[in-house]
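In what follows, chains carry the letters A, B, and so on, assigned in the order in which the sequence lines appear, proteins first and then strands, with residues in each chain numbered from 1.
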Amino acid sequence: MTPTTPDHLVTRFAPSPTGHLHIGGARTALFCWAFARSHRDARGRPGRFMLRIEDTDAARSSDESARGILEDLAWLGIDWDDGPSLHYQGRTIGGDERHVGPFFQAQRRDTYDRYIRQLVEQERAYPAFERAEELDAKRREATAKKQTYRYDRAALSIPLPDRLRRMASGEPHVVRLRAPDDALVVHDEVLGDVTYAAGEMDDFVIRKADGFPTYHFAVVVDDELMGVTHVLRAQEHLNNTPRHVALQRALGFRTPVYGHMPIIMNMDGSKMSKRDKARAARKAAKDAMAKDPKMTAELLADSTALDVATVNGFLAAESDAVETAELFGRHFGVALPEVEIWDFRRSGYLPEAIVNFVALLGWNPGMKTADGKDLEKFDAAFLAERFSMDRIGRGNSKFDRSKLLNFNAAAIGGLSDEQFARRWLEWMLEHEAEAHRVVSKLPHDRLLLLARALKPRAKTFREALRSAAFVFTSDEGFPMDMAAVGKHLLANDKAGVGVLREFKPRLAAMADWSPEAITGALEGFAKEKGMPNPGSIAQPLRVALTGSGVSPGLGETMAVLGRESSLRRIERCVAELGA
RNA sequence: GGCCCCGUCGUCUAGCCUGGUCCAGGACACGUCCCUUUCAAGGACGUAACACGGGUUCGAAUCCCGUCGGGGUCACCA
């Protein structure tokens with residue numbers, strides 16, 4: 001098995017399939033991908049990007065999660081050369097061209113066992129028989145005395161033949177690496193040399209009692225066997241690196257190039273995690289309960305179809321269950337913060353906006369635009385060409401949602417009407433099936449008009465859907481904002497209704513039902529009647545047509561609605577309020 | 001607490017390696033104004049930062065030391 005020649009660059013992204021793809025993981029994947037894509041070796045070959053699934057935590061891993069992560073990556077436009085195959089939008093991503101698979105670690109246990117045996121035979125590693133609870137107790141004791149706990153190597157005092165015999169007899173045990181006693185320097189492409197003093201590392205576990213390798217061991221073995229040359233990962237792994245280097249030395253492996261990148265934090269400085277959703281949902285519930293004394297856990301349980309114990313557990317922060325959080329979010333009408341790629345998809349973000357924004361968190365191209373400003377807007381293709389490790393930042397960054405929203409709005413604004421319509425529809429098909437049914441039935445020309453009306457007003461596809469509410473209402477009757485009705489239709493002795501009654505025949509007589517013609521008619525009417533501004537006709541019309549004082553331009557709104565619908569809505573309004 | 005990393009506008013950052021062109025530039029957010037049929041979008045302008053203290057130097061955001069602050073990590077999770 002010759003996975004690669006030494007000069008062939010290989011990066012990898014190695015998620016564990018215990019949930020959706022986290023925004024931070026997405027950035028890691030993007031940088032690894034971009035680094036491989038932007039590189040050419042001496043023979044002009046591009047680097048390779050590999051995907052590996054780290055499912056050595058048998059209890060928490062699931063195939064479903066793995067599949068979801070693959071899809072999220074594909075959605076972002078990050079494709080991998082080596083790794084599990086995924087059929088996505090008519091093409092296949094991944095495969096095992098280099099014959100380095102399988103890519104699921106749970107399927108590689110024989111390989112790990114082989115190397116473990118080798119280390120044990122060489123006495124570079126040894127079995128240890130303490131139970132987890134024993135060690136926990138010792139750890140707690142040390143912590144109480146404000147000391148750092150390190151494994152005391154007790155197992156080493158068991159005579160070697162006994163150790164091997166007990167191990168072979170099937171007695172539960174872990175295998176620990178004999179950690180090196182000397183100091184160790186890790187070279188990092190982003191941070192420079194990082195020195196760890198002698199004696200800092202303890203004899204860490206490399207195979208668990210259930211027979212699975214630990215993360216450290218599996219990573220080191222796989223990176224070697226899969227020909228990985230460059231490891232780009234988040235700084236939370238920095239302190240794992242000396243362990244990995246120690247393992248590489250014990251096994252006679254080469255050490256890949258490391259680069260650790262800053263961590264993405266919430267605006268308040270906390271780590272971005274699924275728990276943020278629970279926190280937001282809990283706050284919404286507590287605010288509601290504080291405002292309305294009748295709101296109780298029992299009532300909540302009832303209306304969210306949960307049992308009281310679940311509700312109480314969630315309110316008391318004993319559980320951060322995402323499902324409960326989402327039920328609460330829906331119940332109280334609050335949006336939960338997005339932290340996983342799936343969340344952003346559902347909220348109507350564009351992959352290109354996420355890629356652009358997330359790339360800027362910890363990296364920047366260091367280039368200027370033609371008008372002398374810092375270049376900030378770029379796409380994946382640009383990254384695949386221009387990415388470089390030496391421009392990765394060192395400090396953590398905070399995830400500023402308002403800037404992401406701005407990038408997303410810009411990405412939406414950059415779409416043609418045709419593109420917007422198609423992608424918005426695709427989004428609805430996946431996330432809002434009901435809305436999709438209605439919108440997909442619109443005649444194409446009206447759909448494009450709607451796209452044009454929505455684009456500048458929507459920061460996300462979901463927002464676009466909200467602005468398009470008038471499309472989903474029935475001409476025969478729909479909820480109206482009573483404050484707007486009062487202000488624009490009923491005030492001054494129903495002046496607004498009177499204006500509508502007067503204007504309606506004009507509309508009915510129009511030959512050209514285009515946004516421009518409608519706008520022209522509106523302005524002409526206002527001028528003719530000596531209105532101080534077109535608002536006196538525009539606002540009553542708006543309320544009649546959409547039920548709200550806020551909507552896209554009236555020309556577009558009426559064009560989308562069509563002549564018949566528009567007139568019927570005005571008619572109904574006059575009839576109901578006129579008397 | 002031990003060890004490790006980091007510290008430029010509220011936020012993302014350019015500049016730092018190779019001191020002077022920086023009384024620090026851009027973007028988002030915010031504010032004011034213009035445009036305007038609502039809401040947006042768009043245009044113009046503005047507020048706002050080198051954490052602090054010592055050095056080195058003719059000169060420091062840039063080099064050195066210390067302090068403070070933030071983060072990570074100390075599992076049979078990854």
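Here A:Asn406 reaches the OP1 or OP2 of B:rA29: one of its side-chain N or O atoms lies under 4.0 Å away. The phosphate of B:rU11 (OP1 or OP2) has no side-chain N or O of A:Lys403 nearer than 4.0 angstrom. Distances shown here put every side-chain N or O of A:Arg243 at or beyond 4.0 Å from the OP1 or OP2 atom of B:rA75. Taking only side-chain nitrogens and oxygens, A:Lys271 comes nearer than 4.0 Å to OP1 or OP2 of B:rU73. A:Arg60 has no side-chain polar atom (N or O) that falls below the 4.0 Å cut-off from OP1 or OP2 of B:rA75. Within the structure, every side-chain polar atom (N or O) of A:Thr369 is placed at least 4.0 Å from both OP1 and OP2 of B:rG26. A close approach under 4.0 Å does not occur between any side-chain nitrogen or oxygen of A:Asn396 and OP1 or OP2 of B:rG71.
In this structure, a donor-acceptor pair under 3.5 Å is absent between the side chains of A:Tyr149 and A:Glu141.
When heavy atoms are screened at a 4.0 angstrom cut-off, A:Arg233 is found touching no nucleic acid atom at all. Residue A:Lys487 is classed as having no contact, given no heavy-atom separation below 4.0 Å to the nucleic acid. Among the heavy atoms of the strands lying under 4.0 Å from A:Arg394 are primed sugar atoms or P, OP1, OP2 only; no base atom is included. A:His488 comes within 4.0 angstrom of no nucleic acid atom, judged by non-hydrogen atoms across all strands.
Per the geometry, CE belonging to A:Met267 stands 7 Å off P belonging to B:rU11, to the nearest Å. In this structure, A:Tyr112 places its OH atom 11 Å from P of B:rA78, rounding to the nearest Å. Atom CD1 of A:Ile264 is separated from atom C1' of B:rU13 by 15 Å (rounded to the nearest Å).
In the interface, the side chain of A:Asp374 is paired with the base of B:rG25 through a donor and an acceptor atom under 3.5 Å apart.
The gap from the P atom of B:rC12 to that of B:rC58 amounts to 37 Å, rounded to the nearest Å. Rounded to a whole angstrom, the distance from the C1' atom of B:rA24 to that of B:rU62 is 11 Å. Comparing B:rC35 with B:rA27, their C1' atoms sit 24 Å apart, to the nearest whole Å.
Across A:Arg233, A:Glu189, A:Arg394, a single residue satisfies side-chain hydrogen bond (donor to acceptor under 3.5 Å, both in side chains) together with A:His260, and that is A:Arg233. Of the candidates A:Thr214, A:Thr56, A:Asp222, A:Asp222 is the only one forming a side-chain hydrogen bond (donor to acceptor under 3.5 Å, both in side chains) with A:Tyr112.
A:Tyr349 and A:Phe344 have perpendicular rings, their planes meeting at more than 60° on a 0 to 90° scale where under 30° would count as parallel.
Checked against ring-ring contact (aromatic ring centres under 6.0 Å, His included), A:Tyr196 has no partners two or more places apart in sequence or in another chain.
Under the side chain to side chain donor-acceptor pair (under 3.5 Å) criterion, the residue pairs touching residues 355-365 of chain A are A:Asn364-A:Arg391, with sequence neighbours excluded.
Within residues 187-197 of chain A, the residues that have a heavy atom under 4.0 Å from RNA chain B are, in order of number, A:Leu191, A:Val194, A:Thr195, A:Tyr196.
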